[in-house]
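The sequence lines fix the lettering, A, B, ..., with proteins before strands; numbering per chain opens at 1. Side chains included, hydrogens not; waters and symmetry mates left out as well; all remaining heavy atoms used.
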Amino acid sequence: MSKIRLLVCAIFIALSLPSISQAFVDDEACLMCHKYPKMGRVDDDGFQKAYYVIPEIFSKTVHRNVPCRDCHYYIKQLPHRPVTEGVRCDRECHSIENPSTGKPFSHKPIYDVFKTSVHGREKAAEGLDKDKPYCITCHTNPLYNEEEEAPPKAITDRCVVCHEDEKFAFKWYNHTSRRIREVKRDTQEIVKLCSRCHADQEIIARHKADADATGREIGEKYTIAAESYQNSFHGKVAKYGNKQVANCLNCHASPDNYYMSVHELLPSRDPASPVNENNRVKTCRQCHKTADASYAMIDPHPTHDKELNKFNYYAEIIYGIVGDVALAVLVGLSLFETIGRKRDGVSWVLRNGTTWRGRSRRRRK
Amino acid sequence: MKLSNDANKALGTFLRQYKISTEDVNDLEEVISMMPEDRKQIYKNVESNPVGDLFRYSVHIRIQHLLTFTTFLLLAFTGLPIHYNDAFWAVPFNDVLGGVEVTRVIHRTLATWMVLSMGYHLFTVIGGTLQKITQGKFDIGRSILPVLKDARDFMADMSYHAGQNENRPEMDKFMYKQKIHYFAAAFGNIVMVVSGSSFIFPEFWNSVLPTDYASHFQEMMRLSHPHEALLALLVIAFWHWYNVHLAPGRFPMQWTFLTGKLTREHQIEEHFLEYLRCLASLPKERAYLREVLVSKGLVSASKETDARQNFLFDEHRQWAKEQAEQGVGQESMAEDTQS
């Protein structure tokens with residue numbers, strides 16, 4: 001029996017080896033341990049941590065060509081000590097050369113821009129900064145992208161005439177075509193992403209309380225940003241799948257350089273913000289071509305909160321009262337008239353040439 | 001019957017404007033003098049055809065009503081699921097139509113039809129009024145325009161329903177309720193069109209408004225559109241449908257919106273001044289009323305006295321005589337008087 005088990009294991013390992021070796025080059029021998037599926041632990045906060053790396057999947061990620069220790073630079077020996085610091089996205093990838101500069105590739109330039117934004121934070125942030133998004137909050141790098149599933153054969157057939165390695169052709173095609181095609185999140189996904197924090201009442205309450213206590217300036221609509229967007233025309237239309245309608249980033253990121261700007265989002269009080277009162281017309285004109293200063297005054301985050309919009313608050317109350325009173329008066333009038341005419345002897349239905357068949361019960365003066 | 005000041009004024013104007021012949025005026029004077037002082041005795045004893053006896057609305061008004069109520073109801077039934085898109089009943093409704101995006105397209109298409117219907121109405125009403133003015137046949141009391149008498153009619157009618165007055169007031173072609181309803185609907189339509197267009201063309205509306213008020217205008221419009229729609233729907237459901245379908249004497253419905261005619265008893269009860277005009281212009285109606293009054297023993301006991309007190313006929317005959325002397329011919333325009 002044990003011989004059979006041994007044989008099965010041997011066959012399994014033999015079959016697995018080619019796939020592992022083809023996934024990516026593990027020169028650092030990290031897979032020696034991290035290939036085991038159950039590798040992980042429960043940390044001090046009770047979270048399950050998985051340290052398992054699936055080579056076939058990792059080989060399809062955007063970081064497939066980056067050696068492990070370019071990011072996990074603190075690993076100096078094997079087996080390594082418990083890791084106390086996480087990966088930082090502003091590290092230089094010494095093994096990957098930026099083809100445009102010839103220098104080691106790094107996300108540091110965009111990270112430096114991000115740090116100047118209203119979302120800017122360090123990796124190891126504490127306190128309120130911990131609520132802010134870090135790179136991986138948005139860059140989730142999904143492993144499956146429908147668009148990348150099957151590059152068009154007509155193109156890749158041409159590539160492999162010179163570039164013999166078919167996989168290289170596929171990867172190169174996907175890398176470039178992905179950036180040519182519009183594969184960013186759609187409107188609903190962006191709203192959902194922003195709402196993860198901006199609709200989180202605990203986060204909102206923490207920051208509001210801090211702003212009130214310290215006198216720190218906070219956006220006027222900060223507490224209702226997600227909710228009020230949902231109540232706006234943009235929000236309602238977006239909710240039902242319209243892809244053209246403005247989402248959070250269409251207004252809050254600069255139209256001049258969208259992809260850079262989404263990393264340097266600024267509060268509306270900042271003169272450089274696209275939603276600053278001096279820039280709103282230009283921002284609105286991205287979609288509303290004839291927008292002017294009056295148009296830019298329309299509130300894209302409508303609210304009837306008493307503190308934020310007294311006009312709307314009282315207008316809604318007045319509308320309610322007028323409606324209720326009008327209805328009550330008309331119903332009252334109808335009842336009064338019915339009683340009066342019934343008392344005078346009118347029947348409900350006109351039959352045999354008349355409705356006046358009943359006897360009058362009026363008590364006249 | 002001794003005619004009231006209002007009746008004298010309305011009928012006198014009508015006789016002059018439509019140049020009712022002396023023979024017809026003489027006959028009318030006699031019929032009116034035969035009418036009992038208690039008008040209830042008249043409308044309780046005449047015979048009415050359920051689909052209507054006396055002409056009231058032209059085919060244009062009937063088509064406009066048809067267009068208005070179909071577009072209004074469909075707009076309400078598509079607009080409410082858009083506004084309350086999260087409600088349990090709105091979700092399946094929108095899904096059946098193909099999603100809220102489709103509901104929006106239907107809503108806006110219907111809105112265009114409603115605006116066209118409004119344009120049609122304005123064209124006929126303004127055109128008709130201008131025509132009457134140029135022909136010297138316009139009488140503001142007979143029009144839908146509110147006059148001071150409507151306030152008096154309202155007070156008098158309330159007193160009647162409270163059991164304080166013997167008779168309902170002598171109301172004109174359009175009574176106070178109809179005027180309130182008409183102008184409420186007109187106001188509501190304007191609010192809906194302005195607010196609806198501010199959603200479709202916000203750039204235009206804000207380009208014509210001062211910057212300081214632009215945002216408030218949009219907020220008002222966002223509030224107005226659903227509030228006005230809901231109010232209009234409730235007013236229609238509770239008041240208009242009550243008045244034309246459910247009120248005593250009107251059940252199951254008044255046929256006026258289809259036939260353009262009003263029942264005789266309704267005309268006498270609620271639009272007595274217009275009934276006097278019908279008597280003036282329709283010899284058959286005079287003959288019918290005379291027969292009813294005689295056969296049912298309702299002829300006024302003070303017939304001779306009343307006849308002497310209704311000065312308007314003498315005045316009219318005098319006026320007709322002067323006109324004849326000046327060479328202006330008289331003509332009876334019975335078929336034209338009710339348009």
Side-chain angles (χ1 to χ4, degrees), chain A residues 231-233 236-237 239-242 284 288-299 302 304 309 311-312 315-316 318-320 322-324 326-327 330-331 333-358 360 362-365, chain B residues 40 43-50 82 85 94 99-101 104 157-158 160-166 177 184 199 202-220 222-224 227-228 230-231 234-235 238-239 242-243 246-252 263 265-266:
Chain A
N231 290 330
S232 72
F233 276 106
K236 285 180 180 173
V237 177
K239 184 177 167 186
Y240 290 101
N242 189 306
C284 294
H288 304 276
K289 301 297 178 196
T290 56
D292 57 9
S294 290
Y295 185 83
M297 291 298 287
I298 298 175
D299 191 352
H304 52 259
N309 193 333
F311 179 87
N312 239 3
E316 188 147 22
I318 292 167
Y319 269 75
V322 169
D324 293 345
L327 206 59
L330 296 181
V331 171
L333 197 65
S334 302
L335 287 173
F336 185 54
E337 187 179 329
T338 303
I339 293 165
R341 294 182 75 236
K342 284 300 287 178
R343 195 166 48 195
D344 204 26
V346 69
S347 304
W348 291 102
V349 185
L350 198 160
R351 198 185 298 139
N352 301 326
T354 184
T355 60
W356 296 94
R357 297 186 297 277
S360 175
R362 288 171 67 84
R363 292 178 60 192
R364 306 215 174 88
K365 283 196 292 187
Chain B
K40 288 197 298 298
Y43 61 75
K44 284 184 177 183
N45 284 287
V46 294
E47 194 163 314
S48 297
N49 182 347
I82 294 172
N85 52 73
N94 285 323
V100 76
E101 289 285 303
R104 289 176 72 215
D157 214 19
M158 292 302 103
Y160 170 81
H161 292 313
Q164 300 299 308
N165 277 5
E166 277 295 304
K177 265 199 303 189
F199 303 157
E203 297 94 336
F204 164 76
W205 277 106
N206 281 46
S207 70
V208 298
L209 288 167
T211 304
D212 290 345
Y213 299 102
S215 183
H216 289 324
F217 172 74
Q218 275 292 331
E219 283 161 1
M220 282 283 285
R222 285 175 194 175
L223 275 176
S224 302
H227 272 88
E228 176 59 40
L230 205 56
L231 180 63
L234 292 172
V235 167
F238 284 104
W239 202 40
Y242 163 81
N243 279 321
L246 302 174
R250 315 280 181 252
F251 187 82
T263 64
E265 63 172 40
H266 188 172

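Ranking W239(B), F217(B), Y213(B) against chain A, the residue ahead of the rest is W239(B), based on heavy-atom pairs under 4.5 Å. Contact count versus chain B (heavy atoms, under 4.5 Å) is highest, among I339(A), T290(A), T338(A), N242(A), for T338(A). If you tally non-hydrogen atom pairs under 4.5 Å between each of A296(A), S334(A), G323(A) and chain B, the highest count goes to S334(A). The candidate with the highest count of non-hydrogen atom pairs below 4.5 Å against chain B, out of R351(A), K342(A), H304(A), E316(A), is E316(A). In terms of heavy-atom pairs under 4.5 angstrom with chain B, the leader among V349(A), N352(A), D299(A), N312(A) is N312(A). Contact count against chain A (heavy-atom pairs under 4.5 Å) is highest for Y242(B) among F238(B), Y242(B), Y43(B). Chain B forms more heavy-atom pairs under 4.5 Å with one residue of P302(A), C284(A), G345(A) than with any other, namely P302(A).
A 4.5 Å side-chain heavy-atom check between K44(B) and D344(A) finds at least one atom pair inside the cut-off. Contact of the P202(B) side chain with the Y295(A) side chain is registered, since non-hydrogen atoms from C-beta on lie closer than 4.5 Å. Counting only heavy atoms from C-beta outward, the side chains of R222(B) and F233(A) approach each other to under 4.5 Å. Contact annotation: the side chain of W205(B) never approaches that of S294(A) to less than 4.5 Å [non-hydrogen atoms, C-beta and beyond]. Looking at V100(B) and K236(A), their side chains never come closer than 4.5 Å, going by heavy atoms from C-beta outward. At least one side-chain heavy atom of L333(A) sits less than 4.5 Å from a side-chain heavy atom of M158(B). Looking only at side-chain heavy atoms (C-beta outward), M220(B) and Y319(A) come within less than 4.5 Å of each other.
With a threshold of 4.5 angstrom between heavy atoms, S347(A) approaches chain B through N, CA, C or O but not through any side-chain atom. For L330(A), the parts lying near chain B are the backbone and the side chain together; criterion is any non-hydrogen pair under 4.5 Å. Heavy-atom distances place the side chain of D292(A), and not its backbone, under 4.5 Å from chain B. Heavy atoms of L246(B) lying under 4.5 Å from chain A belong exclusively to its backbone. Using a 4.5 Å cut-off between heavy atoms, D324(A) makes no contact with chain B at all. Both the backbone and the side chain of Y240(A) have a heavy atom closer than 4.5 Å to some heavy atom of chain B. Heavy atoms closer than 4.5 Å to chain A are found in the side chain of T263(B), but not in its backbone. The part of L209(B) that comes within reach of chain A is its backbone (N, CA, C, O), which places non-hydrogen atoms under 4.5 angstrom from that chain. The contact between V331(A) and chain B is made entirely by side chain atoms (from C-beta outward), counting heavy-atom distances below 4.5 Å. Only the side chain of A326(A) comes within contact range of chain B, with heavy atoms under 4.5 Å apart.
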_M297(A) and N206(B): CA distance, side-chain angles, deciding distance, side-chain contact (heavy atoms from CB on, under 4.5 Å) verdict_ = CA-CA 9 Å; M297(A) 291 298 287; N206(B) 281 46; 5.6 Å; no
*Evaluate side-chain contact (heavy atoms from CB on, under 4.5 Å) for N85(B) paired with K239(A), printing each intermediate quantity in order.*
CA-CA 10 Å; N85(B) 52 73; K239(A) 184 177 167 186; 3.1 Å; yes
*Derivation of the side-chain contact (heavy atoms from CB on, under 4.5 Å) call for H227(B) and V322(A)*: CA-CA 10 Å; H227(B) 272 88; V322(A) 169; over 6 Å; no
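Atom CD of E337(A) sits about 10.0 Å away from atom OH of Y160(B), to the nearest 0.5 Å.
Taking every heavy atom of both residues into account, V46(B) and T354(A) meet most closely at O-CB, 4.3 Å.
At distances below 3.5 Å, not a single donor-acceptor pair connects side-chain atoms of E219(B) with backbone N or O atoms of F311(A).
Using cut-offs of 30° and 60° on the angle between ring planes, the pair H161(B) and F336(A) is perpendicular.
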